[in-house]
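Notes to accompany the following structure.
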Amino acid sequence: MGGEVMRKWVAVCVVAAAMVVVSLMNVAEADPQVPCFFIFGDSLVDNGNNNNIASLAKANYLPYGIDFPRGPTGRFSNGKTTVDVIAELLGFDRYIPPYATARGRDILTGVNYASAAAGIRNETGQQLGGRISMSGQVNNYKTTVSQVVNILGDQDSAANYLSKCIYSVGLGSNDYLNNYFMPNTYSTSRQYTPEQYAAVLIQQYSQEIRVCVPSFLIY
């Protein structure tokens, strides 16, 4: 009796596993759910933008990337980042390229502007050397938008295309770790209470988003 139940359970598991494999194959073969994916952030999602700038915040060497198919790429992880996984789930057949290497029609699938040590405030992370702050990433996005207009032929086509894209924006932790919590290097902890500093960051973050919003439509 027990053996029969076990055989049925194994059969159910095999069928379920087969269904999952078929489902994943269908996702892989289908078109992406969105045409493009744009990413703004810091080391949590940087995939190579800091590789060739004068910075201590780099990850293009082992053991970083030890579990990634192409080895070290600039990702601050042993393998995929969260946005890599999201790109897979959205149906993209390759990961979103970093701004540093994105060229030509590759930008039509999206661009990753993230930079390790970057923050909302421009001075954040400066003790580590070069990095691309939030404002710098927004400016790079504006450049990309202009390139998309050139590729698609006119602003209306570009606006329609970009309106269907997904945008991921995640910065702010370095404004504490590599700014506010380093009183010997930065003055922000003497200038602001924790509450005031949080409010300043939110205000600056909102300003950058407002600057970028027209570009989401067309710049």
Side-chain angles (χ1 to χ4, degrees), residues 36-88 90 92-151 162 165-179 182 185-186 204-205 208 211-212 215 219:
C36 45
F37 181 24
F38 292 100
I39 301 152
F40 304 78
D42 50 32
S43 61
L44 294 178
V45 291
D46 185 352
N47 63 345
N49 285 311
N50 277 23
N51 288 356
N52 296 313
I53 63 177
S55 175
L56 295 176
K58 295 185 180 184
N60 55 341
Y61 54 89
L62 291 170
Y64 294 111
I66 195 168
D67 297 318
F68 196 72
R70 299 197 300 273
T73 57
R75 290 168 169 80
F76 285 72
S77 64
N78 60 305
K80 303 171 188 175
T81 64
T82 54
V83 292
D84 290 331
V85 175
I86 292 172
E88 289 179 340
L90 288 172
F92 289 100
D93 59 6
R94 61 188 181 87
Y95 301 123
I96 304 304
Y99 179 77
T101 61
R103 298 291 183 272
R105 296 186 69 86
D106 286 348
I107 67 173
L108 294 180
T109 59
V111 178
N112 186 331
Y113 305 97
S115 173
I120 297 169
R121 294 175 66 87
N122 288 332
E123 81 273 11
T124 289
Q126 65 185 3
Q127 85 281 1
L128 294 172
R131 70 266 174 241
I132 308 167
S133 66
M134 186 176 186
S135 62
Q137 294 180 35
V138 168
N139 286 334
N140 287 341
Y141 173 74
K142 292 177 181 179
T143 299
T144 299
V145 170
S146 297
Q147 294 170 342
V148 171
V149 172
N150 291 334
I151 291 172
L162 294 171
C165 301
I166 285 183
Y167 296 80
S168 170
V169 184
L171 294 108
S173 61
N174 282 316
D175 292 291
Y176 286 93
L177 299 174
N178 287 298
N179 191 325
M182 299 183 71
T185 306
Y186 300 94
Q204 291 185 237
Y205 183 93
E208 293 295 347
V211 167
C212 204
S215 300
Y219 179 68

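Heavy atoms only: backbone and side chains are in, while hydrogens, waters and symmetry mates are out.
Remark: side-chain polar atoms of S43 are not paired, donor with acceptor, to backbone N or O of A116 under 3.5 angstrom.
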(request) Walk me through it: do N174 and N179 pass the test side chain to side chain contact (heavy atoms under 4.5 Å, CB included)? (result) CA-CA 7 Å; N174 282 316; N179 191 325; over 6 Å; no
(request) Before giving the answer on side chain to side chain contact (heavy atoms under 4.5 Å, CB included), spell out for S168 and I86 the whole-Å C-alpha distance, their side-chain angles and the decisive distance to 0.1 Å. (result) CA-CA 10 Å; S168 170; I86 292 172; 5.8 Å; no
(message) Assess the residue pair Q127 and Y186 against the criterion (side-chain hydrogen bond (donor to acceptor under 3.5 Å, both in side chains)); give the C-alpha distance rounded to whole Å, side-chain angles, the decisive distance to 0.1 Å, and a yes or no.
(response) CA-CA 10 Å; Q127 85 281 1; Y186 300 94; 2.4 Å; yes
(message) With side chain to side chain contact (heavy atoms under 4.5 Å, CB included) as the criterion, how do F38 and C165 come out once you've worked through the C-alpha distance, each side chain's angles and the decisive distance to 0.1 Å?
(response) CA-CA 7 Å; F38 292 100; C165 301; 3.9 Å; yes
(request) Using the side-chain hydrogen bond (donor to acceptor under 3.5 Å, both in side chains) rule, take Y99 and Q137 through it: C-alpha gap first, then chi angles, then the decisive distance, then the call. (result) CA-CA 9 Å; Y99 179 77; Q137 294 180 35; over 6 Å; no
(request) Decide yes or no on side chain to side chain contact (heavy atoms under 4.5 Å, CB included) for Q204 and M134, but give the supporting numbers first. (result) CA-CA 10 Å; Q204 291 185 237; M134 186 176 186; over 6 Å; no
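Among residue pairs with one or both ends in residues 103-115, those qualifying as side chain to side chain donor-acceptor pair (under 3.5 Å) are N47-N112, N50-S115, R94-D106, Y113-T144; sequence neighbours excluded. Annotation: salt bridge (charged side-chain N to carboxylate O under 4.0 Å, His left out) contacts involving residues 107-125, sequence neighbours excluded, comprise R121-E123.
Residues R75 and T73 bring a donor and an acceptor atom of their side chains to less than 3.5 Å of each other. For D84 and T81, the side-chain atoms include at least one donor-acceptor pair closer than 3.5 Å. For the residue pair D175/T124, the side-chain donor-acceptor check at 3.5 Å is satisfied.
Summarising the geometry of N51 relative to G74, their closest heavy-atom pair is OD1-CA, 3.4 Å, with the distance given to 0.1 Å. The two residues G41 and A118 have their closest heavy-atom pair at O-CB, 4.2 Å. Considering every non-hydrogen atom in both N49 and A100, the closest pair reads OD1-N, 2.9 Å. Minimum heavy-atom separation, P72 to Y61: CB-N, 3.5 Å. The two residues E88 and Y95 come nearest to each other via the heavy atoms OE2-OH, 2.8 Å. Residue V45 comes nearest to V83 through the heavy atom pair CG1-CG1, 3.6 Å, listed as atom of the first residue, atom of the second, then distance.
Between atom CD1 of residue I120 and atom CG of residue D42 there is a gap of 9.5 Å, rounded to the nearest 0.5 Å. In this structure, OG in S55 is found 8.0 Å from CZ in R131, a value given to the nearest 0.5 Å.
Of the options V111, T143, L108, a side-chain contact (heavy atoms from CB on, under 4.5 Å) to V148 is made by L108 and by none of the others.
In this structure, Y167 and Y141 have perpendicular ring planes: the angle between them is above 60°, well past the 30° mark.
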Just distance, no hydrogens or angles: give the donor-acceptor pairs under 3.5 Å from side chains in residues 63-70, sequence neighbours left out.
residue	atom	partner	partner atom	Å
D67	OD2	N78	ND2	2.6

